[in-house]
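The structure appears below as structure tokens.
In listed order, ligands and their atoms are each counted from 1. Atom set for the values below is all heavy atoms of this structure, side chains included, hydrogens, waters and symmetry mates excluded. Counting from 1, the numbers follow the sequence of the chain as shown.
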Amino acid sequence: MICVNQLFIYPIKSMQGIAVTQATVSQGGFEHDRILMISEPDGTFITARQFPQLLKIKTSVSDNQVHISLPTGESLCIDLDDFSSSQESTHVWGSNFTSHIASIKVNQFFSQYLHKDVQLRWLGRHLSRRTKRYPDVPVSFADGYPYLLLNEASFNYLQQQCPERLDIGQFRGNIIINGALPFAEDGWKTIKIGDVVFDIVKPCTRCVLTTINVNSTNYLANNEPLTTLGYFRSDDQGKIDFGMNMIARNSGTICIKDHIEVLERQNAKKYIQSFPKKTDNQQQTCIITFEGQSFNGNNQQTILEQLEQHQIPIPYSCRAGVCGRCQVILKQGEVTALTQAAIKSKNRILTCSCIPKSDIELNLLKK
Ligand code: FES
């Protein structure tokens, strides 16, 4: 039987989640889920993609208050009534809406922790943000959709393929199910959990956040698990999917052990299978030359990681072959592409999604 095995809420975007035994479903997400977020002073969202140390902050919620514990031992109690009454413009992944700003004391607390001028934002009692595809459906500070479903069997399959030890927490799901076959969720369109009906609206495209160890906040080696996911969950655009985004048709309460009923099915999205041959994977050294500066590299790590290890910073954002920011020119040599879209025309390559195959010479992309 397919059942709910774990439920999580994340009161503050990018901070630690709270495991709960039951959760209240509303259209915009679970009650208390991603109701707060760290932002730039202009309202642009900030996440653990830029500041992995956010993942170390523990949160708890009671009534109108959210409690924060930093890894340094400092703590803070935030009262939702203390946020500005004015509606301030706010931006998350290209969606523009409004939120309320915390007091100066709270903003200073987080600014000191991150060594950067930041604000804490609260959505308020009425969500002004809407999902992009469904303009009637509200959404919290989540990346795009109110709910994220993960299938433990899919995670276990990924773990079997991936050389790094993973934690399902890296995928920041809300509803984690068991009892289904790996990736059975790809073929579901509408499901019912308890009395709540959810529409599965799209697979969740993954980014660098999944490569951060949730306990140490260090990046896992070799851009894992994105590298392994790229072998079998990469589409023809180079997007790497894991988990399913959902919206709720009605409100209600769902609990651990609730049965999942599949009401409607759909054709599963097609992914490109490109597992490397075992012999491809023997460690070899090579010379990487970037803008005339050479160092010893290897055929195991992405070019982006190797450049960073040699203090050669280049722009990046997603580290997953999606945003295109890490493009360089491959002047000489060969690379292995980890996703379909990692090698582009005119000798351009995505350094986050290619590993060297031979000595390589790279140049910055001239704007
Ligand atoms: S960092 Fe986004 S494509 Fe490489």
- Give the C-alpha distance, both sets of side-chain angles, the deciding distance and a yes or no for side-chain contact (heavy atoms from CB on, under 4.5 Å) between Ile175 and Phe198. CA-CA 11 Å; Ile175 302 170; Phe198 292 93; 4.1 Å; yes

- Message: Test side-chain contact (heavy atoms from CB on, under 4.5 Å) on Gln266 and Trp188; report intermediate values, then the result.
- Response: CA-CA 6 Å; Gln266 62 187 344; Trp188 299 344; 5.8 Å; no

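Shown are the protein N/O/S atoms under 2.8 Å from atom 4 (Fe) of ligand 1, given by residue and atom: Cys326 SG, Cys352 SG.
The aromatic rings of Trp122 and Phe83 sit tilted, their planes meeting at an angle between 30° and 60°.
Using a 4.5 Å cut-off between side-chain heavy atoms of Ile, Leu, Val, Met, Phe, Trp and Tyr, with links allowed through other members, Val197 and Tyr134 fall into different hydrophobic clusters.
Aromatic rings from Tyr147 and Phe30 are positioned such that their centres are separated by under 6.0 Å.
Of the candidates Arg172, Arg34, Arg49, Lys132, Asp143 forms a salt bridge (charged side-chain N to carboxylate O under 4.0 Å, His left out) with just one, namely Arg49.
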